[in-house]
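Everything on this sheet refers to the single structure shown next.
Protein chains get the first letters and strands the later ones, always in sequence-line order, with residue 1 at the start of each.
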Amino acid sequence: MSEKDEALKRLQEASFAIDDVKIYLDTHPLDRRALEYYEKQKELREKYMKEYVKKYGPISAYDVDTNNRWTWIDNPWPWETEAN
Amino acid sequence: MWNYEKRLQYPVKITKPDPAMAKIILSQLGGPDGELGASMRYLSQRYTMPYKEVKGILTDIGSEELAHLEIVSAIVHQLTKNLSIDEIKKSGFDAYFVDHTNAVYPASAAGDPFTAAYFQSKGDPITDLSEDMAAEQKARTTYDNILRLTDDPAVRDPIKFLREREIVHFQRFGESLRVVQDNLNSKNFYAFNPAFDK
């Protein structure tokens, strides 16, 4: 697995942890352990997101670094084999 | 509003084309129990949901289904890349190919185009959530059937992820139904419709 693939995997894992605990918290909004888990994963996701975006380009159109070029459109797009 | 993240929720990396399998998996995009119907069902139902926990659930699960739509589309796309005319004919993909080439189009495995008739938005919380729980089980069965039809680990892996999410969503909708019932008269849940009667 390339360094880029590993950086993406870390980001996907932390993001998924939030996807999962988010819907648990919707129906258990006072669960202290779940709230702590959410906080921990949120921190990890922010860290992995920063690392990925700095090295490999934007994940969202809100974090494009416009040096001299619009990198948002750069290949590969997520559905392409090369992106995964 | 929605924001796009330029990544899949779960990776799809398929190297072996299989157009016959693509046509089957397409059903989880635009078929009767597919991800397009799921996302439209929950995102339509949320507007009349009176309880905050369940507004959250319908919004968040409805949004996750859009990410699943993208995963299923990526599977179909990668299974149908670089096909020869011979492979298209032999696999039975020709009937789909004549109308869509190798584009991704929301239809069932039998070829019926997607229709909103696959879901309901009834404006009654108990009715809507009962449909949602059944919908998650129907999608889970469809993923089980897909797993019976393919041996390719690169296809099975994301399908198993999607199957698991159906089970988690079923659980969350069950909890949502409990939230609704906790807000109603326990002697008669059906005394009135909390989304309509005041």
Exercise. Which bit of B:Glu5 is near chain A, if near means a heavy-atom gap under 4.5 Å: side chain, backbone, both or neither?
Worked result: both

Exercise. Do you know which two heavy atoms are closest between B:Ile14 and A:Thr81, and how far apart they sit?
Worked result: O-CG2, 3.6 Å

Problem set entry | From CA spacing to verdict: side chain to side chain contact (heavy atoms under 4.5 Å, CB included), A:Asp26, B:Arg172 | CA-CA 9 Å; A:Asp26 286 346; B:Arg172 300 282 94 88; over 6 Å; no

Exercise. For the side chain of B:Gln78 and the backbone of A:Trp79, is there at least one donor-acceptor N/O pair under 3.5 Å apart?
Worked result: yes

Problem set entry | Ion pair A:Asp20/B:Arg165, N-O distance below 4.0 Å | yes

Exercise. Considering only heavy atoms, which portion of B:Lys81 lies under 4.5 Å from any heavy atom of chain A: side chain, backbone, both, or neither?
Worked result: side chain

Exercise. More than 12 foreign heavy atoms under 6.0 Å from CD of B:Gln137: is that the case here?
Worked result: yes

For this session: Treating Ile, Leu, Val, Met, Phe, Trp and Tyr as nodes and any side-chain heavy-atom pair under 4.5 angstrom as an edge, say whether B:Leu147 and B:Leu29 lie in one connected cluster.
Result: yes

For this session: For the residue pair B:Arg7 and A:Ser15, establish whether any side-chain heavy-atom pair is separated by less than 4.5 Å.
Result: yes

Problem set entry | Most contacts with chain B, counted as non-hydrogen pairs under 4.5 angstrom, among A:Glu82, A:Arg45, A:Glu80 | A:Arg45

Exercise. Just wondering, are more than 12 heavy atoms of other shown residues or ligands nearer than 6.0 Å to OH in A:Tyr38?
Worked result: no

Exercise. Is a side-chain N or O of B:Lys6 found less than 3.5 angstrom from the main chain of A:Ser60, in a donor-acceptor match?
Worked result: no

Problem set entry | For A:Thr27 against B:Glu175, the heavy-atom pair lying closest together | OG1-OE1, 2.6 Å

Problem set entry | Joint cluster assignment, B:Phe170 & B:Tyr143, ILVMFWY side-chain distance < 4.5 Å | no

Problem set entry | Which portion of B:Leu8 sits near chain A, non-hydrogen atoms under 4.5 angstrom | both

Problem set entry | Min side-chain heavy-atom separation A:Ile23-B:His169 under 4.5 Å | yes

Exercise. If Ile, Leu, Val, Met, Phe, Trp and Tyr residues are connected whenever their side-chain heavy atoms lie under 4.5 Å apart, and connections chain through other members, are A:Ile59 and B:Tyr4 in the same group?
Worked result: no

For this session: Select one option (side chain, backbone, both, neither) describing which atoms of B:Tyr51 are under 4.5 Å from chain A's heavy atoms.
Result: neither

For this session: Sort A:Leu25 into side chain, backbone, both or neither according to what part of it lies under 4.5 angstrom from a heavy atom of chain B.
Result: neither

Exercise. Any chance CD of A:Glu6 has more than 12 other-residue heavy atoms, nucleotides or ligands included, within less than 6.0 Å?
Worked result: yes

Exercise. Between A:Tyr24 and chain B, which part of the residue has a heavy atom less than 4.5 Å away: side chain, backbone, both or neither?
Worked result: both

Exercise. Should B:Ile24 and B:Leu162 be counted in the same cluster of Ile, Leu, Val, Met, Phe, Trp and Tyr side chains packed under 4.5 Å apart?
Worked result: yes

Problem set entry | Which portion of B:Phe161 sits near chain A, non-hydrogen atoms under 4.5 angstrom | side chain

Problem set entry | Within 6.0 angstrom of B:Asn185 CG, more than 12 heavy atoms from elsewhere | yes

For this session: Against chain A, label B:Ser73 side chain, backbone, both or neither, depending on which of its atoms sit under 4.5 Å from a heavy atom there.
Result: neither

For this session: Flag yes if B:Leu129 and B:Tyr118 sit in one hydrophobic cluster, no otherwise; membership is Ile, Leu, Val, Met, Phe, Trp, Tyr, and two members link when side-chain heavy atoms are under 4.5 Å apart.
Result: no

Exercise. In this structure, are over 12 heavy atoms from other groups packed under 6.0 Å from B:Lys13 atom NZ?
Worked result: yes

Exercise. Is the number of heavy atoms from other residues, nucleotides or ligands within 6.0 Å of CD (B:Glu164) greater than 12?
Worked result: no

